[in-house]
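Below is one structure; the comments refer to it alone.
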Amino acid sequence: MAVDSYTPDSGSADFFIEHYSLNLHYRMSSGHLKAVATLAVTLLRAVQQISLDISGLHVGKVSVDGKANKNFKQSPTKLSLKLGEELPAGSSFELEVHYSGTPRPRSSRWGTVGWEELNDGIVVAAQPTGAPTWFPCNDLPRYKSTFEISLTTERSYAVAVTGELMSSSDKSGFTTWNFRQDIPTPTYLASIQIGRYRQREEEFSGVTVHTFFTPANQSKVTSDLSKLEDMLSYFNETFGEYPFHSYTVVATADELEIPLEAQGMAIFGANHLNGTNPEERLVAHELAHQWFGNSVGIAQWRDIWLNEGFACYAEWLWSEKAGGITTQGMAESHHVLLRQLDQDLLLADPGPDLMFDDRVYKRGALTLHALRLAVGDKAFFAILKQWVAEHAHALGTTEDFIELCQNSTTENLEPLFERWLFQRALPALN
């Protein structure tokens, strides 16, 4: 039985990986990856074998607790390993996987996802099932792990990697960068970006911000990120303290279809940060994901509105704060637009084909605005802060959010959530 019905071919409920240690050697000149993944595995049920997700890469050898294990087989998307005798739930062991190949994005019902080559660099866009294109993993959003990632590549390139940079060293024309992420992170939010970047480090509202950009685009990126400090200050005040050690913004030289969020990181294409500030709302959206989606994660993809609806509503909040269209104005205009579209979306369970539909984003944000109108500003913003605080670096579900909201007011919110989350027809806004 699938662990997540939206991604039935991904992940396993048999085990949890507490920690990933990834030692990656990647040659930009040839596109070849040679790597060792060391995984701290804990069994969640009694099993004789386990199966990891890995796509498009060749596994050479495997060891368990330092002893070679040749009882493994590989399919195009899985690595299956026999453990010998059945091990009981709670058993822990260290699994080491040596693998290599030329990483490529994998096809999915949402397009290609994962490790992708740029004109002169690499971008990892793993949501929702792209992580196996560059490391063996248990690829489910419910499992949050810590990471150590060591990446070696040609010295002429800079890298941005999930976590905090611990050290770097040069040897024979290559640089090795060592990163550590000690905040639990789901596999789809682990990321690597490589390019001929320069880096700027600043302190915004108590948060260290690293910006990666190409020299040709420096002034454009600087211009379009000019309000990032104010955004951080406002979101800190509105949602609670920024939940990670630092924030990294990568501005690629290539155009990207959409911006991307990763743990403590956002990636924008040259079309998003082009010097004319065309996508300020997207800068706010990706920043807001650090609270909603990255710190407060989801256990099932069907709850994706908790990520995207909240980040979309943060866009509307920022618009008003920055002197643009008010949140009420944004809600009213998007409600008009949604009324003209098909009424076939169930927000609490949109189905895999519609999980990234723009209506999930906009109807999710409208649900929050309807809640705000029902309970008032004081209670609403207290709910947002409590949601972030209670589920920091953990998981939240739609049911958890409804319970929190109901416990925060004497209003009966059941009819509101029934209309907005569990019925397809778009409700009236007020």
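What you see below is based on every heavy atom in this structure, not just the backbone, and it leaves out hydrogens, waters and symmetry mates. These numbers come from a predicted model, not from an experiment.
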In Å and rounded to the nearest 0.5 Å, what is the [atom1] to [atom2] distance from [X] to [Y]?
| X | Y | atom1 | atom2 | answer |
| --- | --- | --- | --- | --- |
| Y6 | L354 | OH | CG | 8.5 Å |
| E261 | Y188 | CD | OH | 6.0 Å |
| T153 | I192 | OG1 | CD1 | 9.5 Å |
| S21 | E94 | OG | CD | 8.5 Å |
| L347 | I304 | CG | CD1 | 11.0 Å |
| L24 | L151 | CG | CG | 6.0 Å |

Does any pair with a residue in residues 156-172 pass side chain to side chain donor-acceptor pair (under 3.5 Å), and if so which ones, sequence neighbours excluded? D120-Y157, S156-R196, Y157-R196, E164-S246, S167-N178, D170-T175

Not counting sequence neighbours, list each pair that qualifies as a side chain to side chain donor-acceptor pair (under 3.5 Å) and has a residue in residues 121-134.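 Found none.
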
Answer yes if the side chains of [X] and [Y] hold a donor-acceptor pair under 3.5 Å, and no otherwise.
| X | Y | result |
| --- | --- | --- |
| D254 | T252 | no |
| E308 | H285 | yes |
| D224 | H272 | no |
| T397 | D303 | no |
| Q181 | H245 | no |
| T187 | D139 | yes |

Partner of T185 under side-chain contact (heavy atoms from CB on, under 4.5 Å), chosen from F244, F147, Y20: F147

Partner of I267 under side-chain contact (heavy atoms from CB on, under 4.5 Å), chosen from I258, T248, V250: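 Of I258, T248, V250, side-chain contact (heavy atoms from CB on, under 4.5 Å) with I267 is met by V250 alone.
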
How about [X] and [Y]: do any of their side-chain heavy atoms sit closer than 4.5 Å?
| X | Y | value |
| --- | --- | --- |
| V360 | M355 | no |
| H25 | N23 | yes |
| W420 | L371 | no |
| N138 | L39 | no |
| E411 | L416 | no |
| F135 | V97 | no |

One pair to check against side chain to side chain contact (heavy atoms under 4.5 Å, CB included): V159 and Y26. What are the steps and the verdict? CA-CA 11 Å; V159 305; Y26 184 73; over 6 Å; no

I'd like to check the ring pair (Phe, Tyr, Trp, His ring centres under 6.0 Å) partners of [X]; sequence neighbours left out, ordered by chain and number.
| X | value |
| --- | --- |
| W318 | none |
| F15 | none |
| F213 | none |
| H335 | none |

Residues forming a salt bridge (charged side-chain N to carboxylate O under 4.0 Å, His left out) with [X], sequence neighbours excluded:
| X | value |
| --- | --- |
| R359 | D344, D357 |
| E117 | R104 |
| R372 | D377 |
| E315 | R281 |

Determine all donor-acceptor pairs shorter than 3.5 Å in which one atom belongs to a side chain in residues 198-206; sequence neighbours excluded.
from: Q199; atom 1: OE1; to: H210; atom 2: ND1; distance (Å): 3.0
from: R200; atom 1: NE; to: E202; atom 2: OE1; distance (Å): 3.2
from: R200; atom 1: NH1; to: T222; atom 2: OG1; distance (Å): 3.1
from: E203; atom 1: OE1; to: T208; atom 2: OG1; distance (Å): 3.2

Flag yes if more than 12 heavy atoms outside [X] fall under 6.0 Å of its [atom1] atom; otherwise flag no.
| X | atom1 | result |
| --- | --- | --- |
| Q300 | CD | yes |
| K321 | NZ | no |
| E18 | CD | no |
| K78 | NZ | yes |
| L341 | CG | yes |
| R27 | CZ | no |

Test your reading of the model: is there a side-chain donor-acceptor pair from [X] to the backbone of [Y], 3.5 Å cut-off?
| X | Y | result |
| --- | --- | --- |
| Q290 | Q263 | no |
| E255 | N271 | no |
| N294 | A262 | yes |
| K385 | E237 | yes |
| S319 | G324 | no |
| Q406 | L413 | yes |
| S233 | E229 | no |
| S223 | K220 | no |
| K144 | I183 | no |

Ring pair (Phe, Tyr, Trp, His ring centres under 6.0 Å) contacts in which one or both residues fall within residues 162-183, not counting sequence neighbours: none

Can you classify the ring geometry of F401 versus W387 as parallel (below 30°), tilted (30 to 60°) or perpendicular (above 60°)? perpendicular

Is the Y242 ring parallel, tilted or perpendicular to the W291 ring (thresholds 30°, 60°)? perpendicular

Residues S92, T42; criterion side chain to side chain donor-acceptor pair (under 3.5 Å); working and verdict: CA-CA 4 Å; S92 297; T42 298; 3.1 Å; yes

Pair W316, H369 - check ring-ring contact (aromatic ring centres under 6.0 Å, His included), show working. CA-CA 10 Å; W316 299 359; H369 195 68; 7.1 Å; no

Less than 4.0 angstrom from a charged side-chain N to a carboxylate O is my criterion; do D358 and K362 meet it?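 Salt bridge: yes.
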
Y361 and W305 aromatic centres sub-6.0 Å: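 No, ring centres 6.0 Å or more apart.
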
